[in-house]
Amino acid sequence: MNFANIIFNNLAATDDTVALIDERRRVTFKELRARVSRLATGLRHHGVCQGDRIAILMGTRIEYVEIYLATAAIGVIAMPLNTRLTAREHVLLMQDGQPKMLLADSEWIAAAKEMRAGIPSLEAIIALDAASSGNLSYDELLAKNNQSSLPLDLAPDDPAVLLYTSGTTSGPKGTILTHRNLISDIAQYQQFVGIQKDSVNLQVSPLYHAANIFTYVHLLAGGTTVFMPKVTPDAIFNAIEKHRVNFMFTVPTVLYSMLDAPDRPQRDLSSLQTLEYGAAAIVGPRLVSALEILGDRLLHAFGMTEVTSHASMLGKIDHRTHPGSIGRPLSGVQMRIVDDTGQPLGAEEIGELEVKGDNVTPGYWRNPTATADAFHDGWLATGDLARRDADGYYYIVGRKKDLIISGGVNIHPADIENVIAEHPAIAEIAVFGIPDPHWGESVVAAVALREGMDFDADELRNFVRQRLGGFKVPKEVRIMDTLPRTGTGKLLKRELRVMGSDAFIRSVQITNR
């Protein structure tokens, strides 16, 4: 078994069919196989061995897929890094993942060199753009002709990818995805959707995200993927019209911006057969509007990094019969709802959603405690509170933990709390999410100030943005005399979420998007 077989041993992948398109170039399946083979050989020649990690820090481009497949082909573990994080956050993640190499594009190569001192495992930095480096270049890795049979025959449970699900100062958690996980998720998804050989996928989500799976679904089907480095409604419409896009996945906020675009009625979306969205359900007026404009083209996916990408799907017609649902489990995936003791619950009873299947991670990288906490008798606890109706459709009703999802991005409050707590004016801090009609949730911080201290919006925004990715900067800071706590000293975030404005001394609005 080897994930790289989706291009090496795939009868649907016709040699002359264009596999990937980005701003710089396009490659056929034949060219992609050749480049992946040479890259895998080059990595081996420069000392990369099975089980080593290779970090990837770059924008959306064809080389990203080449690296993913080349590392898989030789049993090396790809370690994508979120380009929206800061160098400080990247160092913490790489200290945990311990990569042997870092491959970076010109935007990140200078920062990569500065980070190197804090990452003892890092032996080499590879620059994609030769002119930007004094390091080994990507082209030099490709210079070796393939001298061995690829891909290697690996055990199904050999790790292929290490994806970090949470942040930095709260402690990184690297999700291990095996060759079995990746192949199973693609096969389960393909069985449900049935991507055709002539399908053209618009890859809107960044390639460091689990939603990169749609590129590989299309490679397996012998289809084409077009990469979107910059996501705006106009750029999406242009790509759909130019490439006659059949399929795309995005998050609700991007979908809303498309539907609300003034020129959307004049744009030609006739080729688009499927628009899948995830991260949050679409309900109410937004769903009515989407169905009026797009008709029965919507799919809704529920998943998480720990299940590779997908656990359940809400079909196109299901949007009309079971609005707000996350659908039913994919073939090969089991889902259940349990109470606090782990006992399964019946229809319409609310409890924690758990998942089991070949697409589910075996655990977290070098973190047996987090792994043990996440699994119960072989079932992965999602942390989501859910119910199941009499038809077997599942609905998310809340979260057991305080994860914030804003614009389809998971944000862990502790990451932000630990940074803001470093500010000299802050005595107490609690970060939480509140409903937002556009982003799904907005990040809000409640703080108590040190006596005689204060701050202004610009100063606090800059303080946080120097330490964290911009999407983690709170949209609002609510200043209070003291934060509500239980008798044992625990913060009561549930009270903070519903407090009226009379509970604040003042509220500071911060522009962070």
Side-chain angles (χ1 to χ4, degrees), residues 82-86 89 165-167 204-206 208-211 228 230-236 248-262 264 275-290 293 298 300-305 323-324 326 383-385 396-399 401-417 419-420 430-446 457 460-461 464-465 468-478 493-494 496-499 501 507-513:
N82 184 340
T83 55
R84 298 180 71 185
L85 300 179
T86 64
E89 293 170 296
T165 61
S166 67
V204 176
S205 300
Y208 60 72
H209 192 276
M228 286 283 301
K230 185 177 181 181
V231 179
T232 65
D234 192 54
I236 291 173
M248 66 173 284
F249 169 87
T250 191
V251 295
T253 49
V254 173
L255 176 57
Y256 299 156
S257 69
M258 292 170 60
L259 298 178
D260 295 342
R264 189 263 311 151
L275 197 161
E276 182 177 326
Y277 65 95
I282 298 176
V283 295
R286 277 296 190 183
L287 178 59
V288 172
S289 175
I293 294 169
L298 293 177
H300 177 37
F302 169 77
M304 53 198 298
T305 305
I326 61 170
D384 289 301
L385 296 174
I396 301 296
V397 300
R399 289 186 296 280
K401 298 181 181 179
D402 293 317
L403 179 72
I404 301 167
I405 302 179
S406 182
V409 178
N410 291 350
I411 301 173
H412 291 259
D415 293 345
I416 307 167
E417 290 166 349
V419 165
I420 295 180
V431 171
F432 52 96
I434 62 171
D436 184 295
H438 184 73
W439 297 108
E441 287 184 301
S442 290
V443 179
V444 175
L460 185 66
R461 179 187 64 241
V464 178
R465 291 201 68 164
L468 294 173
F471 62 99
K472 297 182 182 180
V473 178
K475 185 176 181 180
E476 177 186 0
V477 179
R478 298 173 177 177
K493 288 189 178 181
R494 63 179 182 271
L496 288 170
R497 291 189 183 95
V498 299
M499 281 182 173
S501 58
S507 174
V508 177
Q509 302 295 315
I510 297 179
T511 302
N512 66 308
R513 297 273 183 180

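Values in this document were obtained by computation on a predicted structure and should not be read as measured data.
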I want to check something: taking the side chain as every heavy atom from C-beta on, are S257 and I236 in contact at a cut-off of under 4.5 Å? no

To check you understand the geometry: which heavy-atom pair defines the closest contact between P252 and Y277, and what is its length? CG-CD1, 4.2 Å

Does V473 reach the side chain of V443, with side-chain heavy atoms less than 4.5 Å apart? no

Value rounded to 0.5 Å, distance of CD1 in I293 from CG in L255: 8.5 Å

Please name the pair of heavy atoms, one in H300 and one in A281, separated by the smallest distance, quoted to 0.1 Å. NE2-CA, 3.8 Å

Straight-line distance of F249 CZ to S205 OG, nearest 0.5 Å: 5.0 Å

So, the side chain of S442 versus the backbone of I434: is there a donor-acceptor pair under 3.5 Å, distance only? no

What are the two closest non-hydrogen atoms of P413 and I404, and how far apart are they? CG-CD1, 4.0 Å

Once you round to the nearest 0.5 Å, how far does CZ of R497 lie from CE of M499? 12.0 Å

R478 side chain near L496 side chain, heavy-atom distance below 4.5 Å: no

Residues forming a salt bridge (charged side-chain N to carboxylate O under 4.0 Å, His left out) with R286, sequence neighbours excluded: D260

Using every non-hydrogen atom in the two residues, find where L275 and M258 come nearest and quote the distance to one decimal. CD1-CE, 4.2 Å

In this structure, CD1 of I416 is separated from CD1 of I411 (nearest 0.5 Å) by 5.5 Å

For the residue pair E417 and V431, what are the closest heavy atoms and their distance? OE2-N, 2.8 Å

Search all heavy atoms of K472 against all heavy atoms of L85 and return the closest pair with its distance. NZ-CD2, 3.8 Å

Would R84 and V409 satisfy side chain to side chain contact (heavy atoms under 4.5 Å, CB included), going step by step from the backbone distance to the final call? CA-CA 11 Å; R84 298 180 71 185; V409 178; 3.5 Å; yes

When rounded to the nearest 0.5 Å, the distance separating OG1 of T250 from OH of Y256 is 11.0 Å

The criterion is side chain to side chain contact (heavy atoms under 4.5 Å, CB included); which residues satisfy it with P206, sequence neighbours excluded? Y208, H209

Ignoring hydrogens and geometry, is there a side-chain-to-backbone donor-acceptor pair from E476 to V444 under 3.5 Å? no

Mind checking what makes side chain to side chain donor-acceptor pair (under 3.5 Å) contact with T86, not counting sequence neighbours? E89

